Amino acid sequence: MNRAFGVDAVQEIGLVRFADPAGVREAATNLVNLVQARLGDWRIAPCANLAAKQPMVDRDGSTLATSVFGWTESEEDRWWRSSRLAIDSPMAQACRYESEPFWCNALGFRTALHNPMLDTVDVSDFDRRALTTAAIVVPVHMPLGVIGAASLVPRDRRMIDLSAPFAEHGDWLAGMIRTFISSYARVMGNVMRSHSEAMALSKREVECLRWAAVGKTNAEIGIIMSRSLATIRFHIHNATTKLNAVNRSQAVYKATQLGYISLNS
């Protein structure tokens with residue numbers, strides 16, 4: 001991926017960035033045109049949040065997959081209607097392990113810098129589970145642990161070696177896709193804005209979760225911090241509520257995603 005960003009690329013990024021719902025459709029159309037100008041007859045499958053079931057839409061609620069990105073309602077096309085795609089697809093799993101663009105097919109995943117975690121992703125029955133024979137994928141890791149992504153797929157399903165277009169356009173695609181999906185999440189995603197203040201943890205809450213992350217019980221944390229058991233329960237309960245977690249384990253996981261704690265220290 002050696003193609004450098006120049007003035008044109010900077011201007012192109014401006015075409016896929018938008019600041020209000022009225023700009024969603026135009027930015028999506030610009031993205032399609034820019035991608036096809038470079039790659040040819042390819043389609044884009046964008047998702048603003050792998051954990052959410054809602055498809056990306058424009059201001060009027062029209063699904064972008066069909067109205068802009070060229071997908072149809074046929075059985076083989078309608079990937080955005082699959083409620084299990086985020087769980088079953090090897091590409092979705094890879095996006096949780098990798099933040100840089102990659103390309104993939106039934107033989108595995110290729111990145112500019114090798115990521116051994118991708119070697120553990122199950123690629124059995126790839127075509128059925130990924131709903132494609134090959135794709136270039138751009139993960140988009142955003143605030144509050146939200147992961148979006150876009151798959152870029154050639155219409156010619158016989159094209160399974162994507163090394164050449166990935167090497168030439170991978171960095172450029174990463175910039176375009178990240179800008180578009182980040183804009184969408186900011187403009188159309190109310191969850192980020194509504195929960196950002198509630199997720200601010202106190203020093204004591206973070207300290208309790210750090211000890212919980214290494215396997216300490218509430219009683220043990222109380223001894224370590226010289227606090228009563230009731231106080232430790234209070235702090236962990238507050239942290240769990242703020243993080244919109246269902247239990248202590250999920251609170252630790254979300255706190256790790258948000259950068260409050262590290263499991264490596």
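Values reported hereafter were calculated over all heavy atoms of this structure, with side chains retained and with hydrogens, waters and symmetry mates removed. Please read these numbers as outputs of a predicted model, since none were measured by experiment.
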Other residues, nucleotides and ligands only: do more than 12 of their heavy atoms fall within 6.0 Å of CD on Gln36?
yes
Looking at Glu73 and Arg81, does any basic side-chain N land under 4.0 Å from a carboxylate oxygen?
yes
Hey, what do you get for CG (Leu201) to CG (Asn238), rounding to the nearest 0.5 Å?
9.5 Å
Report the residues that fulfil side chain to side chain contact (heavy atoms under 4.5 Å, CB included) with Arg210, sequence neighbours left out, ordered by chain and then residue number.
Val206, Ile261
Could you tabulate the donor-acceptor pairs under 3.5 Å formed by side-chain atoms of residues 113-121, not counting sequence neighbours?
unit_1	atom_1	unit_2	atom_2	d
His114	NE2	Asp119	OD2	3.0
Asn115	OD1	Met117	N	2.9
Asn115	ND2	Tyr97	O	3.0
Asn115	ND2	Glu98	OE1	2.9
Thr120	OG1	Met117	O	2.6

Beyond-backbone contact of Thr72 with Arg78, side-chain heavy atoms, under 4.5 angstrom
no
From CG (Asp127) to CZ (Arg157), nearest 0.5 Å:
6.0 Å
Consider only side-chain N and O atoms of Ser163 and Asp161, and report whether a donor and an acceptor are under 3.5 Å apart.
yes
How many angstroms lie between atom OG1 of Thr217 and atom CD1 of Ile223, to the nearest 0.5 angstrom?
7.5 Å
Side-chain heavy atoms of Leu34 within contact of Trp172, under 4.5 Å
yes
Rounded to the nearest 0.5 Å, what separates atom CD in Gln93 from atom CZ in Arg129?
9.0 Å
Asp125 meets the salt bridge (Lys or Arg N to Asp or Glu O under 4.0 Å) criterion, sequence neighbours left out, with Arg128
Taking Arg38 first and then Glu12, would you say they form a salt bridge - that is, a charged N and a carboxylate O separated by under 4.0 Å?
yes
Can you find a heavy atom in the side chain of Thr231 that is under 4.5 Å from one in the side chain of Arg204?
no
If two hydrophobic side chains count as joined below 4.5 Å and joins carry through other members, does Leu64 share a cluster with Val137?
no
Taking 4.0 angstrom as the limit, do Arg110 and Glu100 come out as a salt bridge?
no
Counting neighbours of CZ on Arg158 that are heavy atoms of other residues, nucleotides or ligands and sit closer than 6.0 Å, is the number greater than 12?
no
